[in-house]
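Here it is: the structure, laid out below.
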Amino acid sequence: MTRQETGDFCYDFARDDDGAVAFRCSDDAEKWPWLKLHPANNIAVQATNYYALTGVSHFAGRMDGSKWSALTKFEWRTHQTGADAQHPATGRATHEDDGLGYACSFSDKEGRPVYDVSGAGVVFKTRDFEGWRAKAKEKVRALAVPDDFSFARPEAVGVQTQGEVFVAPLSEDEAGLHAHALLLAETAFLPVHPYHGGSGDHVNSSQLCDAVQQTAHLIGGRGFTSGGSAIFSRYVELDRPFRVRLVSNADDRRRMAFAVEQADAKCAEIEFRYDD
């Protein structure tokens, strides 16, 4: 996603005696359009996590603009999934000593919990990151571009407009159920897409979870997730297809695990959990 300056989505930072950082969250849905979505929508969960923690890291002096970094693990718990759910108004974040691990809790304006999130990342200190990215991207972009990619209908994947659809109808092979996905650089980001921001360098974590959320709808998911986890191991490239494959569907669809694959490589593992 695009970088932000401290004070954008979160503001009024204050450091506790124990080192945790408290802050307030914006409610400006025109500036942050994903606030128009239900708080349990995974787009909202992921965007809140990203923009809040980026702001906190700027405030805490943990952002080093000279080095590349990437999110590698993320877990979340969503406490409000009903019609009366509210987006966060406040948050409180802690970091591990190395600055790459974090945990954050969010509450609404009435003090009710909204999210608990935690994650970890990596900083590329020694690798020629830009050179490595160029080689990795070129390998995927050597794949053919499909001229007949057929997207699912919006109502089948739980979105409002055709432009929000990232996945094709379900397919099945010897490995099981899966949906092919395709995100185009020219349409997958604001202002063309109504909710997703980003650098445009790759398919970001919010977009990946959105593609998985849409696939879960196709399979018959139980609605909004009450939590989940993600492990990101490789970048997924824009403008080339990737696959969202169902790995397991346990406890009467209370836990759905997916693998995200592109160019015959596993790029992410994402699990959704649902309450009754």
- Query: What's the shortest heavy-atom distance between Pro241 and Leu182, and which atoms?
  - Reply: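 So the minimum-distance heavy-atom pair works out to N-CD1, 3.7 Å.
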- What's the spacing between Glu269 CD and Ser229 OG if we round to 0.5 Å?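 Reported value, rounded in 0.5 Å steps: 9.0 Å.
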- Message: Using the rule given for side-chain contact (heavy atoms from CB on, under 4.5 Å), can you reason through His202 versus Val236, listing the C-alpha separation, both sets of side-chain angles and the distance that settles it, and then say yes or no?
- Response: CA-CA 6 Å; His202 59 277; Val236 175; over 6 Å; no
- Task: Determine, step by step, whether Phe258 and Thr215 satisfy the side-chain contact (heavy atoms from CB on, under 4.5 Å) criterion, reporting the C-alpha distance in whole Å, the side-chain angles of both residues, the deciding distance to 0.1 Å, and the verdict.
- Result: CA-CA 9 Å; Phe258 298 86; Thr215 305; 4.0 Å; yes
- Query: Who passes salt bridge (Lys or Arg N to Asp or Glu O under 4.0 Å) against Arg92, sequence neighbours left out?
  - Reply: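 If we apply the salt bridge (Lys or Arg N to Asp or Glu O under 4.0 Å) test to Arg92, skipping adjacent residues, the hits are Asp16, Asp18.
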- Query: Salt bridge between Glu75 and Lys73, side-chain N to carboxylate O under 4.0 Å?
  - Reply: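 Here Glu75 does not pair with Lys73 in a salt bridge, since their nearest N and O are not under 4.0 Å apart.
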- Is the closest side-chain donor-acceptor distance between His196 and Ser206 under 3.5 Å?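 Looking only at side-chain atoms, Ser206 and His196 do form a donor-acceptor pair, the distance falling under 3.5 Å.
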- Sub-3.5 Å donor-acceptor pair from the side chain of Gln207 to the main-chain atoms of Ala188, do we have one?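 Yes; judged by distance alone, with no hydrogens or angles, the pair exists.
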- Message: Quick check on the 6.0 Å ring-centre criterion: do Tyr115 and Trp76 meet it?
- Response: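 No, the ring of Tyr115 stays outside the 6.0 Å limit from the ring of Trp76, centre to centre.
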- Task: Take Phe166 and His193 through the ring pair (Phe, Tyr, Trp, His ring centres under 6.0 Å) test and state the conclusion after the steps.
- Result: CA-CA 11 Å; Phe166 290 156; His193 192 281; 5.5 Å; yes
- Please determine if Glu261 and Lys266 form a salt bridge, counting it only when a charged side-chain N lies under 4.0 Å from a carboxylate O.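 So Glu261 does not pair with Lys266 through a salt bridge.
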- Any sub-3.5 Å donor-acceptor pair from His87's side-chain atoms to Leu35's backbone N or O?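 Side chain of His87 to backbone of Leu35, a donor-acceptor pair under 3.5 Å: yes, one is there.
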- Task: In sequence, state the C-alpha distance, the side-chain angles, and the governing distance for Asp27 and Lys109, and then conclude on side-chain contact (heavy atoms from CB on, under 4.5 Å).
- Result: CA-CA 10 Å; Asp27 62 358; Lys109 61 185 178 181; over 6 Å; no
- Query: Do Tyr235 and Asn204 have side-chain N/O donor and acceptor atoms under 3.5 Å apart?
  - Reply: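 Result is no, nothing qualifies.
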- Query: Are Phe224 and His38 close enough that their ring centres sit under 6.0 Å apart?
  - Reply: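 Ring-ring flag for Phe224/His38: true, centres closer than 6.0 Å.
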- Message: Let's go through Tyr195 and Asp210 carefully: what are the C-alpha distance in whole Å and the side-chain angles of both, what is the deciding distance for side-chain contact (heavy atoms from CB on, under 4.5 Å) to 0.1 Å, and is it a yes or a no?
- Response: CA-CA 11 Å; Tyr195 306 117; Asp210 191 2; over 6 Å; no
- Test ring-ring contact (aromatic ring centres under 6.0 Å, His included) applied to Phe189 - qualifying residues, sequence neighbours left out: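 Scan of Phe189 (ring-ring contact (aromatic ring centres under 6.0 Å, His included), adjacent residues dropped) gives none.
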- Item | pair Leu246-Ile219: side-chain heavy atoms closer than 4.5 Å |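 Yes, at least one pair of side-chain atoms sits under 4.5 Å.
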- Item | Crowding at CZ, Arg77 (>12 non-hydrogen neighbours, <6.0 Å) |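 Counting other residues, nucleotides and ligands, CZ of Arg77 exceeds 12 neighbours.
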- Item | Near-ring test Phe9/Trp34, centroid separation under 6.0 angstrom |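 When the ring centroids of Trp34 and Phe9 are compared, they turn out to be within the sub-6.0 Å range.
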- Item | Same cluster (ILVMFWY, side-chain, under 4.5 Å), Val247 and Val260 |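 Different clusters: Val247 never reaches Val260 through Ile, Leu, Val, Met, Phe, Trp or Tyr contacts under 4.5 Å.
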- Any donor-acceptor pair under 3.5 Å from Ser26 side chain to Asp28 backbone: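 Yes.
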- Does Arg112 pair with Asp84 as a salt bridge, N-O distance under 4.0 Å?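 Yes, charged N to carboxylate O under 4.0 Å.
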- Query: Going by atom types only, do Gln213 and Asn41 share a side-chain donor-acceptor pair under 3.5 Å?
  - Reply: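 Judged by distance alone, the side chains do pair up.
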- Would you confirm whether Glu164, through its side chain, and Thr161, through its main-chain N or O, come within 3.5 Å as a donor-acceptor pair?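 It does hold such a pair.
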- Less than 4.0 Å between a side-chain N and a carboxylate O, is that true for Arg245 and Glu172?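 Not counted as a salt bridge, because no side-chain N and carboxylate O are separated by less than 4.0 Å.
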- Nearest heavy atoms of Ala179 and Ala168, plus distance in Å: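 Shortest heavy-atom contact: CB-O, 3.8 Å.
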- In plain terms, say whether Arg254 and Asp275 are close enough for a salt bridge, that is, a side-chain N and a carboxylate O under 4.0 Å apart.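 So Arg254 does not pair with Asp275 through a salt bridge.
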- Message: Would you call the rings of Phe13 and Phe23 parallel, tilted or perpendicular, taking 30° and 60° as the class edges?
- Response: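 Ring orientation, 0 to 90° scale: tilted.
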- Item | Non-neighbouring partners of Asp116 that pass salt bridge (Lys or Arg N to Asp or Glu O under 4.0 Å), sequence neighbours left out |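 Partners of Asp116 under the salt bridge (Lys or Arg N to Asp or Glu O under 4.0 Å) test: none.
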- Say you draw a straight line from CG of Leu53 to NE2 of His58; how long is it, rounded to the nearest 0.5 Å?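 The NE2 atom of His58 is 11.5 Å from CG of Leu53, to the nearest 0.5 Å.
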- Query: Considering all heavy atoms of both residues, which atom of Phe149 and which atom of Phe151 are nearest to each other, and what is their separation?
  - Reply: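 Closest pair (atom of Phe149, atom of Phe151, distance): CE2-CE2, 3.4 Å.
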- Message: For a quick check under 3.5 Å, do Arg153 and Gln162 share a side-chain donor-acceptor pair by atom type?
- Response: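 Gln162 and Arg153 do have a side-chain donor-acceptor pair below 3.5 Å.
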- Query: Do side-chain atoms of Gln86 reach the backbone of Asp108 as a donor and acceptor pair under 3.5 angstrom?
  - Reply: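 No, the answer is negative, given that no donor and acceptor are paired below the 3.5 Å cut-off.
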